[in-house]
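Written below as structure tokens is the structure these notes are about.
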Amino acid sequence: MQALIPSHPRAAGRPSLALTELESMSDEDQLKLQRIKNRDSLTELGIDPYGRRLDDVDRMVAVRERADRLNIAAGEKTEMRARLAGRVMLKRVMGKLAFLTVRDGTGQIQFGLSKSELGEQWSIVKKLDLSDIIGAEGIIGKTKTGELTLWVNHLTFLTKALRPPPEKWHGLVDVDLRYRRRYVDLFANPEVRDVFHQRGAIIQAIRSYLVGLGYLEVETPVLQPIYGGAAARPFTTHHNTLDMDLFLRISPELYLKRLLVGGLERVFEISRNFRNEGMSTRHNPEFTMLELYEAYADYNVMMERVEQMVSAAFEASAKQAVPQKLAAIRAEVQRLQAEKGEEAAQAYAQESRLAAYEEAAGGIDKGRLTAVFNGQVLDFTLPWNRRKYADLLAEYGGVEIHDKDAVFAKARDLGIYETLTTRLGDHPPPPTDAAAGSLIDHAVLVSEIFEETVEHHLTQPTFVYDYPAAICPLTRRHPEDDAIALRFEAIACGMELGNAYTELNDPEIQAENFRKQVAGEGDETMAVMDEDYVLALEYGMPPAGGLGVGIDRLVMLLTDSSSIRDVILFPLQRPQST
RNA sequence: GGGGGUGUAGCUCAGUCGGUAGAGCAACGGCCUUUUAAGCCGUAGGUCUUGGGUUCGAGUCCCAACGCCCUCACCA
């Protein structure tokens with residue numbers, strides 16, 4: 001294959017391939033060779049197949065808007081001139097007239113090219129392949145079927161594509177290939193670009209919300225000698241000069257709180273975190289988290305921050321995307337009705353969640369913050385539900401949180417106790433409460449029961465607050481109940497969206513919690529004692545509220561993406577062996 | 001790691017009971033100045049993921065490996 005790519009940049013003097021060579025080539029190579037020939041023909045015509053800067057290029061969306069205001073009649077050509085550039089997606093040639101569908105970053109517009117108008121440039125059209133990138137100048141008009149068209153009088157060849165695009169109707173479907181060649185996915189499947197436009201808009205909205213409140217955006221280390229701030233296995237790496245092992249951060253939390261000590265009273269970081277754990281539709285080894293800390297606040301303030309931030313994110317994404325998607329689904333349903341009949345249309349409506357989109361779009365019309373995720377309608381309208389952890393546990397789990405016997409019995413019923421003891425390995429404790437209590441904390445059982453019985457009921461955005469203290473080592477205790485921590489999680493669709501505390505700023509309690517954790521199970525996921533963090537607290541950290549929001553998951557919910565890989569541009573893939 | 005699914009042309013997919021490989025798109029040649037996934041005529045394109053096995057004969061059945069997807073487990 002290497003030999004097919006001529007080393008000399010000019011066509012002249014390239015050896016022609018023998019017929020036998022052509023026959024022995026793979027299909028893929030033959031397609032590429034054809035395009036190489038076209039490229040070389042362009043060179044022979046004196047055209048650089050890898051063109052250069054093109055100034056004053058109009059964006060297609062802007063040209064469309066301008067044209068709309070002109071009320072162009074079908075068959076009419078206007079005085080309006082435009083210069084456009086983009087990738088050739090479709091090509092329809094009929095003798096001396098050709099139509100191209102060309103796509104730029106904002107949309108697509110039909111180019112009309114005729115031999116009579118283009119003159120000698122018509123020879124370029126013949127050498128044009130799908131996926132080539134071109135620029136064109138001309139006048140705007142509409143064809144007699146009413147299609148907005150740039151009638152081209154000058155073409156600028158910009159880039160030859162040596163590889164063919166995917167199938168023009170279905171696009172790139174193979175999930176593996178979509179992630180591996182995201183660049184193809186992005187230009188071939190416009191809805192993928194929409195998701196990442198929305199992702200950008202969501203992050204932008206969050207950022208301006210926080211900056212508007214006087215927050216400072218900061219950056220803290222990714223390479224950390226001690227990891228902490230979450231319970232997760234880290235990636236390890238090594239610095240050669242210092243001859244030192246380092247960890248990729250699992251969380252920025254402990255660094256950000258050091259900044260509170262330093263007097264940066266409102267800080268946030270949009271941080272890439274790395275956790276060396278299992279992958280799933282909701283977990284990628286690297287993921288993006290927003291963390292923020294606000295001095296003199298507490299977890300109640302953080303609830304407001306979440307609500308406001310998600311509202312802003314919604315405005316920037318789903319508020320426009322949901323009605324647009326509904327319109328697209330309806331159009332497709334109509335097309336199917338006309339072409340394939342009622343049955344096919346119904347099947348498509350079902351599959352594309354037409355009903356949910358209708359409901360959500362209807363909600364938006366009435367000023368509600370409704371979106372669709374996995375066929376469910378989510379309502380982010382403020383205020384969100386606020387439910388006490390213990391109340392939910394009683395309601396769905398049927399146990400009173402302080403009733404150790406009941407909790408233990410429930411854990412056994414659910415098989416949780418057995419699972420946990422299996423995890424402990426060689427030393428299964430006798431099945432008595434006292435013995436269990438010594439090896440498996442009451443709070444751990446409670447937490448497991450909660451996950452098992454409550455979480456999947458929490459579809460609509462809900463703040464679950466006041467968690468068992470034993471599972472919250474960085475959180476301040478409830479003033480009236482030492483077993484309760486001032487923590488909440490924001491949960492939607494059974495998925496943890498955010499996690500917030502009234503921060504623990506007592507250095508002695510913090511040190512003790514670290515010690516307990518380290519002693520705890522001796523498991524590699526356990527936190528490491530961070531002496532410097534305790535030292536920082538000893539200098540005095542103002543009372544504060546802190547919050548973490550999983551950006552990828554928020555984007556999933558707002559863009560109806562069922563897998564985290566659909567909202568990460570280049571999700572981790574095993575390298576392909578050839 | 002367990003379970004389920006899947007892998008056929010560059011792309012999207014068929015392939016019946018085991019009988020020797022099919023379509024559409026893309027490509028190539030031809031016709032075509034208003035197309036909309038343009039159309040029409042013609043041509044070419046395959047290590048059926050890989051390796052074993054059963055069989056006269058395997059894309060198809062069996063075993064194993066590999067990739068990907070889903071799911072469970074793990075992951076507060």
Side-chain angles (χ1 to χ4, degrees), chain A residues 22-35 37-38 74-75 77 89-101 108-118 122 129-131 141-149 151 161-181 184 188 230-233 250 275-283 285 335 339 419 422-423 441 443-444 446-448 450-451 455 467-468 470-475 485 487 489 496 499 517 520-521 523-527 562-563 565 571 573-578:
Chain A
L22 191 92
E23 279 169 348
S24 68
M25 270 190 302
S26 71
D27 193 18
E28 191 172 11
D29 286 342
Q30 288 184 36
L31 291 171
K32 190 166 157 186
L33 180 68
Q34 192 55 48
R35 283 165 177 264
K37 282 181 178 164
N38 284 341
K77 289 183 183 176
M89 304 306 294
L90 299 171
K91 188 180 171 196
R92 298 174 289 278
V93 186
M94 46 224 78
K96 303 185 184 75
L97 178 72
F99 291 102
L100 307 179
T101 301
Q108 56 185 35
I109 280 184
Q110 172 168 276
F111 288 9
L113 307 116
S114 68
K115 186 175 183 183
S116 55
E117 187 63 37
L118 281 177
W122 182 250
D129 289 306
L130 290 183
S131 229
K142 278 190 180 173
T143 59
K144 66 185 184 189
T145 52
E147 179 78 16
L148 186 68
T149 300
W151 290 104
L162 296 185
R163 287 185 186 267
E167 212 260 359
K168 66 187 179 186
W169 185 244
H170 300 90
L172 188 61
V173 171
D174 184 285
V175 178
D176 185 35
L177 261 189
R178 284 187 44 221
Y179 298 146
R180 285 186 197 284
R181 302 192 186 163
V184 178
R233 272 185 284 175
I250 58 173
R275 297 189 181 174
N276 204 343
E277 285 165 0
M279 296 164 69
S280 77
T281 47
R282 294 169 176 201
H283 302 263
R335 194 190 67 84
E339 288 177 20
T419 311
T422 312
R423 252 186 254 164
D441 196 282
V444 173
V446 166
S447 168
E448 294 284 335
F450 187 90
E451 278 174 29
E455 269 186 0
Y467 274 65
I471 57 171
C472 311
L474 299 162
T475 312
R487 167 183 176 183
E489 284 194 6
E496 180 193 336
N499 185 11
Q517 263 199 304
E521 292 176 22
D523 174 313
E524 62 184 316
T525 66
M526 290 317 289
S562 57
S563 168
R565 287 179 218 107
Q573 299 273 135
R574 196 174 255 113
Q576 204 146 41
S577 55
T578 36

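Fair warning: this is a prediction, and the values are worked out from it, not measured in the lab. Numbered from 1 within each chain, the chains take letters A, B, ... in sequence-line order. Just so it is clear, the values below take in all heavy atoms, side chains as well, and ignore hydrogens, waters and symmetry mates.
- Nucleotides B/G52 and B/A58 place their P atoms 13 Å apart, quoted to the nearest Å.
- The side chain of A/Lys144 lies closest to B/U34, out of B/C75, B/G10, B/U34.
- Among B/U34, B/U12, B/A27, the nucleotide with an atom closest to any side-chain atom of A/Met94 is B/U34.
- Scanning RNA chain B for stems, defined as runs of 3 or more consecutive Watson-Crick or G-U wobble pairs whose donor-acceptor distances all fall under 3.5 Å, gives the following ranges: B:1-7 with B:66-72, B:10-13 with B:22-25, B:27-31 with B:39-43, B:49-53 with B:61-65.
- Distance A/Arg181 CZ to B/C68 P: 15 Å, rounded to the nearest Å.
- In this structure, A/Ile250 atom CD1 and B/C75 atom C1' are separated by 12 Å, rounded to whole Å.
- Rounded to an integer number of Å, the gap from NZ of A/Lys96 to C1' of B/C32 is 8 Å.
- Among residues two or more places apart in sequence or in another chain, the side-chain hydrogen bond (donor to acceptor under 3.5 Å, both in side chains) test is passed with A/Glu455 by none.
- Checking the phosphate oxygens (OP1, OP2) of B/A38, a side-chain nitrogen or oxygen of A/Arg92 falls inside 4.0 Å.
- When the C1' atom is compared between B/G24 and B/G15, the two are found 15 Å apart, to the nearest whole Å.
- Straight-line distance between the P atoms of B/C75 and B/G19: roughly 50 Å, to the nearest whole Å.
- The stretch residues 110-118 of chain A touches RNA chain B through A/Gln110, A/Ser116, each having a heavy atom under 4.0 angstrom from the strand.
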Quiz item: Does the side-chain contact (heavy atoms from CB on, under 4.5 Å) test come out yes or no for A/Asp174 and A/Tyr179, once each step is laid out?
Solution: CA-CA 9 Å; A/Asp174 184 285; A/Tyr179 298 146; over 6 Å; no

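- Comparing B/U43 with B/A23, their P atoms sit 11 Å apart, to the nearest whole Å.
- When each of A/Gly146 and A/Leu97 is assigned the nucleotide of RNA chain B bearing its nearest heavy atom, the one mapping closer to the 5' terminus is A/Leu97.
- Side-chain contact between A/Thr281 and A/Ser562: absent, with no pair of heavy atoms (C-beta onward) separated by less than 4.5 Å.
- Side chain of A/Leu90, nearest nucleotide from B/U34, B/A38, B/C68: B/A38.
- Atom NZ of A/Lys142 and atom CD of A/Glu147 lie 9.0 Å apart (nearest 0.5 Å).
- Heavy atoms only, all atoms of each residue included: A/Gly278 and A/His283 are closest at O-CB, 3.7 Å.
- Side-chain proximity of A/Arg233 to B/A26, B/C74, B/C13: nearest is B/C74.
- Mapping A/Glu489 and A/Thr149 onto RNA chain B by nearest heavy atom places A/Thr149 at the nucleotide closer to the 5' end.
- With rounding to the nearest 0.5 angstrom, the CG atom of A/Leu33 is 10.5 Å from the CG atom of A/Leu162.
- Using a 4.0 Å heavy-atom criterion, one finds that A/Lys168 contacts the sugar-phosphate atoms exclusively.
- Note that CE of A/Met89 and CD of A/Gln108 are 7.0 Å apart. Values are rounded to the nearest 0.5 Å.
- Among the protein residues, A/Asp174 comes within range of the sugar-phosphate backbone only, with heavy atoms under 4.0 Å from sugar or phosphate atoms but none that close to a base.
- For A/Arg92, the side-chain contact (heavy atoms from CB on, under 4.5 Å) partners at least two apart in sequence or on another chain are A/Leu90, A/Met94, A/Phe99, A/Thr101, A/Gln110.
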Nucleotides 69-71 of chain B: which of its N/O atoms have a protein N/O under 3.5 Å away?
residue : atom : partner  : partner atom : Å
B/C70   : OP2  : A/Arg565 : NH1          : 3.3

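- Note on A/Ser447: nothing from the nucleic acid sits closer than 4.0 angstrom, heavy atoms only.
- Under the salt bridge (charged side-chain N to carboxylate O under 4.0 Å, His left out) criterion, A/Arg35 pairs with no residue, sequence neighbours left out.
- Minimum heavy-atom separation, A/Pro571 to A/Arg565: CB-CG, 3.5 Å.
- Distance check on atom P: B/U20 versus B/U60 gives 14 Å, rounded to whole Å.
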Look for any protein N or O under 3.5 Å of an N or O in nucleotides 2-9 of chain B and output each such pair with its distance, or none.
none

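- When the C1' atom is compared between B/U55 and B/A9, the two are found 28 Å apart, to the nearest whole Å.
- In this structure, CG on A/Leu172 lies 5.5 Å from CG on A/Leu177, to the nearest 0.5 angstrom.
- Straight-line distance from the CG atom of A/Asn38 to the P atom of B/A26: 15 Å, rounded to whole Å.
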Filtered N/O pairs between nucleotides 40-43 of chain B and protein, under 3.5 Å:
none

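- The separation between A/Lys32 atom NZ and B/G45 atom C1' is 17 Å, rounded to whole Å.
- Counting any heavy atom pair closer than 4.0 Å across all strands shown, A/Gln34 reaches sugar-phosphate atoms only and no base atom.
- With sequence neighbours excluded, the residues satisfying salt bridge (charged side-chain N to carboxylate O under 4.0 Å, His left out) with A/Arg487 are A/Glu489.
- Between A/Trp151 atom CH2 and B/U35 atom C1' there is a gap of 9 Å when expressed in whole angstrom units.
- A/Pro285 comes within 4.0 angstrom of nothing in the nucleic acid, heavy atoms only.
- With both ends at atom C1', the span from B/A44 to B/A38 equals 23 Å, rounded to whole Å.
- In plain terms, the two heavy atoms of A/Trp169 and A/Arg335 that are nearest each other are CZ2-NH2, 3.8 Å.
- Of all the heavy atoms in A/Thr475 and A/Ala485, the pair that sits closest is CG2-CB, 3.8 Å.
- A/Ile471 comes within 4.0 angstrom of a base, heavy atoms only.
- Considering all non-hydrogen atoms of both residues, A/Thr143 and A/Trp151 come closest at CG2-CZ2, 3.9 Å.
- Taking atom P in both B/G30 and B/C17, the straight-line distance is 45 Å, to the nearest Å.
- Take A/His170 and apply the side-chain hydrogen bond (donor to acceptor under 3.5 Å, both in side chains) test, not counting sequence neighbours, and it matches A/Glu167.
- Judged as a side-chain hydrogen bond (donor to acceptor under 3.5 Å, both in side chains), and not counting sequence neighbours, the contacts of A/Gln573 are A/Asp176.
- Comparing B/C28, B/C13, B/C11 by their nearest atom to the side chain of A/Glu167 picks out B/C11.
- In this entry the distance linking CD of A/Glu147 with C1' of B/U34 reads 11 Å, nearest Å.
- Among the heavy atoms of the strands, none lies under 4.0 Å from A/Trp122.
- The distance between atom CZ of A/Arg163 and atom C1' of B/A26, rounded to the nearest whole Å, is 14 Å.
- Residues meeting the side-chain contact (heavy atoms from CB on, under 4.5 Å) test with A/Ser114, sequence neighbours left out: A/Leu97, A/Ser116, A/Glu117.
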